[in-house]
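For reference, the structure discussed in these notes is given below.
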Amino acid sequence: MFLIFGLRTRVTRSGVVTAVCRHCGNQAAQVISRRSTKFTLFFVPLIPIRTKYVQQCSFCGVESVVDADEARRLPVG
């Protein structure tokens with residue numbers, strides 16, 4: 001009997017915010033995205049393992065992790 005299991009990460013884009021980048025210091029569009037990783041069994045996502053929010057600068061491309069509360073408070077447009 002074969003068991004097929006693994007992890008699958010799904011990235012959903014929450015929105016875009018204009019803010020100052022934490023890395024380069026330029027005011028540019030910051031893309032907010034949610035990454036949720038789930039345990040899969042036979043290609044069916046079952047158990048959520050981890051969820052994190054990431055902010056990516058459109059000017060320099062650096063990604064920084066954002067708290068869930070901060071991601072919800074950002075004025076996404």
Side-chain angles (χ1 to χ4, degrees):
M1 183 166 136
F2 288 102
L3 285 176
I4 301 173
F5 64 92
L7 298 174
R8 178 178 292 172
T9 301
R10 184 174 181 194
V11 179
T12 55
R13 184 175 162 179
S14 298
V16 179
V17 177
T18 302
V20 176
C21 178
R22 298 176 183 181
H23 180 71
C24 66
N26 292 318
Q27 183 163 349
Q30 307 288 324
V31 178
I32 309 296
S33 58
R34 177 182 174 206
R35 295 183 180 177
S36 59
T37 304
K38 293 185 179 181
F39 174 77
T40 61
L41 183 63
F42 294 109
F43 305 106
V44 177
L46 295 175
I47 303 169
I49 304 281
R50 173 183 15 179
T51 301
K52 68 179 181 178
Y53 292 88
V54 177
Q55 178 178 351
Q56 183 180 16
C57 179
S58 64
F59 187 80
C60 65
V62 171
E63 292 183 350
S64 58
V65 178
V66 180
D67 294 330
D69 294 332
E70 185 178 349
R72 289 186 195 108
R73 276 188 271 131
L74 288 172
V76 176

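A quick note: this is a predicted structure, and the numbers were derived from the prediction, not measured.
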Task: Q27 and F59: CA distance, side-chain angles, deciding distance, side chain to side chain contact (heavy atoms under 4.5 Å, CB included) verdict - done: CA-CA 8 Å; Q27 183 163 349; F59 187 80; over 6 Å; no

TODO: With the side chain counted from C-beta on, respond yes when F39 and P45 share a heavy-atom pair under 4.5 Å apart, and no when they do not.
DONE: no

Task: Full working for side chain to side chain contact (heavy atoms under 4.5 Å, CB included) between T12 and R10 - done: CA-CA 7 Å; T12 55; R10 184 174 181 194; 4.1 Å; yes

TODO: Spell out, as yes or no, whether a donor-acceptor pair under 3.5 Å connects the side chain of S58 to the backbone of A29.
DONE: yes

Open item on the list: So that I can tick it off, tell me whether E63 and R35 are bridged by a salt bridge, with the cut-off set at under 4.0 angstrom between side-chain N and carboxylate O.
Closed with: yes

Open item on the list: Less than 4.0 angstrom from a charged side-chain N to a carboxylate O is my criterion; do K52 and E70 meet it?
Closed with: no

TODO: Consider only side-chain heavy atoms of I, L, V, M, F, W and Y, link residues closer than 4.5 Å, and tell whether I47 and I4 are in one cluster.
DONE: yes

TODO: Go through the steps for V16 and I32 under the test side chain to side chain contact (heavy atoms under 4.5 Å, CB included), then give the verdict.
DONE: CA-CA 6 Å; V16 179; I32 309 296; over 6 Å; no

Task: Residue pair V31 / Q55, side-chain heavy-atom distance below 4.5 Å - done: no

Task: Test side chain to side chain contact (heavy atoms under 4.5 Å, CB included) applied to C57 and C24, step by step - done: CA-CA 9 Å; C57 179; C24 66; 4.2 Å; yes

Open item on the list: Applying a strict under-4.5 Å side-chain criterion to I, L, V, M, F, W and Y, I'd like to know whether F5 and I49 cluster together.
Closed with: yes

Open item on the list: Would you say F42 ends up clustered with L7 if hydrophobic residues are merged whenever their side chains have heavy atoms under 4.5 Å apart, either directly or through other cluster members?
Closed with: yes

TODO: Examine the side chains of T37 and T9 and answer whether a donor and an acceptor come within less than 3.5 Å of each other.
DONE: yes

